[in-house]
Visitor: 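Please see the structure below; I have some questions.
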Amino acid sequence: MNNSNLENLRTSIDQIDSELINLLSKRFELTEKVGIYKAANNLMAQDSVRESEKFDKLIKLSEEHNLNPEYALIIFRCIMDAAISRHQEIQGSLKETDTSSQSS
């Protein structure tokens, strides 16, 4: 492999990274709405049943695309943990709003 090939590969990786960021942004817009719904309806920030189902689907999808499922699970665990953390923040904000409006 020469330097030109390496640069072409890196350019392709950079393009994919840009697409991934765009998709993550869209995903987090949706999980934000889920977090607001959960907070408004007193649902837990983390849904272990949903996570288990999601991980099963991710394993199958990874295998279909010749990706080591362990890689996908590590990546999605981080993504889900970030969403859960945000859901907890939303719930905390909603509780603070409720508490301050009750004391007024």
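Along the sequence shown, the residues carry numbers beginning at 1. No experiment lies behind these values; they were computed from the predicted model shown.
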Visitor: In Å, rounded to the nearest 0.5 Å, how long is the span from CZ of R10 to CG of D17?
Guide: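 Atom-to-atom, R10:CZ and D17:CG are 12.5 Å apart.
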
Visitor: Which other residues belong to the hydrophobic cluster containing M1, where Ile, Leu, Val, Met, Phe, Trp and Tyr are joined when side-chain heavy atoms lie under 4.5 Å apart, directly or via other members?
Guide: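 Answer for M1: L6, L9.
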
Visitor: Taking all non-hydrogen atoms of both residues into account, name the closest pair between Q91 and A45 and its distance.
Guide: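 That would be NE2-N, 3.5 Å.
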
Visitor: Would you kindly confirm whether I79 and L58 end up in one hydrophobic cluster when ILVMFWY residues are joined by side chain heavy atoms under 4.5 Å apart?
Guide: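 Yes.
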
Visitor: Rounded to the nearest 0.5 Å, how far does CZ of R86 lie from OG of S93?
Guide: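 If we round to the nearest 0.5 Å, S93:OG and R86:CZ are 6.5 Å apart.
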
Visitor: For the atom pair CG (D47) and OG (S52), what is the distance rounded to the nearest 0.5 Å?
Guide: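 The OG atom of S52 is 10.0 Å from CG of D47, to the nearest 0.5 Å.
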
Visitor: Answer yes or no: are there more than 12 heavy-atom neighbours, outside E70 itself, under 6.0 Å from its atom CD?
Guide: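 For E70, atom CD is not crowded (no more than 12 foreign heavy atoms under 6.0 Å).
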
Visitor: Is I84 close to E51 at the side-chain level, that is, under 4.5 Å between some pair of heavy atoms?
Guide: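 Sidechains of I84 and E51: in contact.
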
Visitor: Do K60 and F55 have side chains that approach each other closer than 4.5 Å (heavy atoms only, starting at C-beta)?
Guide: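 Not in contact.
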
Visitor: Locate the shortest heavy-atom distance separating S62 from P69; write the atom from each residue and the value.
Guide: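 What the structure gives for the nearest pair is CB-CA, 3.9 Å.
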
Visitor: Nearest 0.5 Å, please: how far is CZ in F28 from CG in L23?
Guide: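 That separation rounds to 12.0 Å.
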
Visitor: Quick check on R50: does its CZ atom have over 12 non-hydrogen neighbours (other residues, nucleotides or ligands) under 6.0 Å away?
Guide: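 At most 12 heavy atoms, drawn from other residues, nucleotides or ligands, come within 6.0 Å of this atom.
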
Visitor: For the OG atom of S4 and the CD atom of E7, what is their distance to the nearest 0.5 Å?
Guide: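 The OG atom of S4 sits 8.0 Å away from the CD atom of E7.
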
Visitor: Is it possible for you to say whether I75 and L73 belong to one hydrophobic cluster, with membership spreading through side-chain heavy-atom contacts below 4.5 Å?
Guide: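 Both belong to a single hydrophobic cluster.
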
Visitor: Hey, is the main chain of N8 close enough, under 3.5 Å, to the side chain of S12 for a donor-acceptor pair?
Guide: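 Here the side-chain-to-backbone pair exists.
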
Visitor: Let me know which of H87, K33, Q46, Q88 forms a side-chain contact (heavy atoms from CB on, under 4.5 Å) with K38.
Guide: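 When side-chain contact (heavy atoms from CB on, under 4.5 Å) is applied between K38 and each of H87, K33, Q46, Q88, only H87 qualifies.
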
Visitor: Rounded to the nearest 0.5 Å, how far apart are CD1 of I16 and OG1 of T11?
Guide: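 So the CD1 of I16 and the OG1 of T11 are separated by 11.0 Å.
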
Visitor: Connecting only ILVMFWY residues whose side-chain heavy atoms lie within less than 4.5 Å of each other, what is the rest of L43's hydrophobic cluster?
Guide: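 When side chains under 4.5 Å apart are linked, the cluster holding L43 also contains Y37.
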
Visitor: Consider only side-chain heavy atoms of I, L, V, M, F, W and Y, link residues closer than 4.5 Å, and tell whether L61 and M80 are in one cluster.
Guide: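 Different clusters: L61 never reaches M80 through Ile, Leu, Val, Met, Phe, Trp or Tyr contacts under 4.5 Å.
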
Visitor: Can you give me the closest heavy-atom contact between I90 and G35, atom names plus distance?
Guide: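 Minimum heavy-atom contact is CG2-O, 3.8 Å.
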
